[in-house]
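In what follows, a structure is listed as structure tokens, so that the remarks can point back to it.
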Amino acid sequence: GRLQGLRQGGDARQRGLLEARLHDPDPAVQALAARALGALGSRAAVPALLARLDEGGEPAVRAACGEALAQLGEPTGQKALTEALGASRYPQVQLQAALALADAGAAGPDTAAAKLLGERLARARPGDDDVVQILGRRARRDVVEAEIQAQVDQPEGPAVVVAERL
């Protein structure tokens, strides 16, 4: 639909509207705008995303900018996502950063992102759908499967439940 048209056409006016939303008073809107710019796939958005990242602010916004930059192939994006993994006061930001790194192929078995995903899997319980849905929907299956395999040694453990759901 409209997003596909923006990707193909590279509509500078629409990109400009999203870039302006990077400075919206609501951090949730800023994060959505950053993710939308990454989804557009236009490298022309890189300068605006880098500028917003450099401004600091809410960890969720910084992680969203990092995610968008990583989608656009900008190395700074992976660095920002790796930094977001250390935001221990914000577990949802950590999870989003780990998933974005996994999506970008930067979450091999010995990385902090893979370890965080493994910890989340190990703590998952039947009915803990938000973690399972996020992992099942967003993470690279090979990363998730590697973490599940590491947990399978505990046959009664929660990883078995997660593996069955994926």
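Because the structure is a prediction, the values reported are computed rather than measured.
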Carboxylate-amine/guanidinium contact Arg52 Glu19, below 4.0 Å: no
Check ion pair Glu55-Arg62 (N to O, under 4.0 angstrom): no
Output the distance between atom [atom1] ([X]) and atom [atom2] ([Y]), rounded to the nearest 0.5 Å.
| X | Y | atom1 | atom2 | value |
| --- | --- | --- | --- | --- |
| Gln78 | Leu101 | CD | CG | 6.0 Å |
| Leu85 | Gln96 | CG | CD | 11.5 Å |
| Glu74 | Leu53 | CD | CG | 10.0 Å |
| Leu81 | Leu69 | CG | CG | 8.5 Å |

List the atom of [X], the atom of [Y], and the distance in Å for their closest heavy-atom pair.
| X | Y | answer |
| --- | --- | --- |
| Gly66 | Ala80 | CA-CB, 3.9 Å |
| Ala63 | Val93 | CB-CG1, 3.9 Å |
| Ala39 | Gln71 | N-OE1, 3.6 Å |
| Val61 | Ala31 | CG2-N, 4.2 Å |

ILVMFWY network linking Leu22 to Leu32, side-chain heavy atoms under 4.5 angstrom: no
Cluster overlap Leu18 with Leu72, hydrophobic side-chain contacts below 4.5 Å: yes
Main-chain N/O of Ala100 paired with Glu67 side-chain donor or acceptor, under 3.5 Å: no
Polar side-chain atom of Arg35 near backbone of Ala68 as donor-acceptor pair, under 3.5 Å: no
Asp24: partners by side chain to side chain donor-acceptor pair (under 3.5 Å), with sequence neighbours left out: Arg21
